[in-house]
Enquirer: 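Got a structure for you, questions after.
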Amino acid sequence: MEYKDPMFELLSSLEQIVFKDDSQRITLTQKPTAFTEFEQLRKGSGLKIDDFARAMGVSVAMVHEWESRREKPSPAELKLMRLIQADPRLSRQLME
């Protein structure tokens, strides 16, 4: 039996709810990679780095690692970023 990460599955379900309309999906200008998608989502969130890190549940140092391309966000982290970018209210709820 194939193992499925429960967090990834939960975020996938939330992503399907948030992105009912495909026109809301982010459009990438280059071939998507974890790094390019992170850059677009991070800028699109409108959050300061410390607020973004808090909403993601990671350290500011980790966000800097992603920005410098030393570390790659996991698929689950990218899904959470998509949700935050799609609905900024979610970031406020995650920071509480």
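The figures that follow rest on heavy atoms only: side chains count, while hydrogens, waters and symmetry mates do not. The model shown is predicted, which means the values in this text are computed figures rather than measured ones.
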Enquirer: Measure across Trp66 and Glu71 and return the closest heavy-atom pair with its distance rounded to 0.1 Å.
Expert: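 Heavy atoms of Trp66 and Glu71 come nearest at CD1-O, 3.3 Å.
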Enquirer: Check Gln85 against Ser45 and note the closest heavy-atom contact, atom names and distance.
Expert: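 Distance-wise, the nearest heavy atoms are CG-N, 4.0 Å.
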Enquirer: Quick one: side chain to side chain donor-acceptor pair (under 3.5 Å) partners of Glu77, sequence neighbours excluded?
Expert: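 Partners of Glu77 by the side chain to side chain donor-acceptor pair (under 3.5 Å) criterion, ordered by chain and then number, come out as Ser74.
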Enquirer: So how far is it from Leu41 CG to Thr36 OG1, rounded to the nearest 0.5 Å?
Expert: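 The CG atom of Leu41 sits 9.0 Å away from the OG1 atom of Thr36.
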Enquirer: Looking only at heavy atoms, which two atoms of Val63 and Ala53 are closest? And how far apart?
Expert: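 Shortest heavy-atom contact: CG2-CB, 3.7 Å.
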Enquirer: Looking at residues at least two apart in the chain, or sitting in another chain, which of them share a side chain to side chain contact (heavy atoms under 4.5 Å, CB included) with Lys48?
Expert: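 Partners of Lys48 by the side chain to side chain contact (heavy atoms under 4.5 Å, CB included) criterion, ordered by chain and then number, come out as Asp50, Asp51.
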Enquirer: Taking atom CD of Glu65 and atom CD of Glu67, what is their separation to the nearest 0.5 Å?
Expert: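 Going from the CD atom of Glu65 to the CD atom of Glu67 covers 10.5 Å.
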Enquirer: With hydrophobic residues grouped by side-chain heavy-atom distances under 4.5 Å, do Phe35 and Ile84 end up in a single group?
Expert: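 As far as the 4.5 Å side-chain criterion goes, Ile84 and Phe35 are not connected within one cluster.
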Enquirer: Minimum heavy-atom separation for Ile49 to His64, with atom names?
Expert: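 In terms of heavy atoms, the two residues are closest at CD1-CE1, 3.8 Å.
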Enquirer: Within the distance-only criterion (no hydrogens, no angle test), does the side chain of Arg42 pair as donor or acceptor with the backbone N or O of Met81 below 3.5 angstrom?
Expert: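 A pair under 3.5 Å: no.
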Enquirer: Restricting to non-hydrogen atoms, name the atom on Leu78 and the atom on Phe38 that form the minimum distance, rounded to 0.1 Å.
Expert: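 For Leu78 and Phe38, the tightest heavy-atom pair comes out as CD2-N, 4.1 Å.
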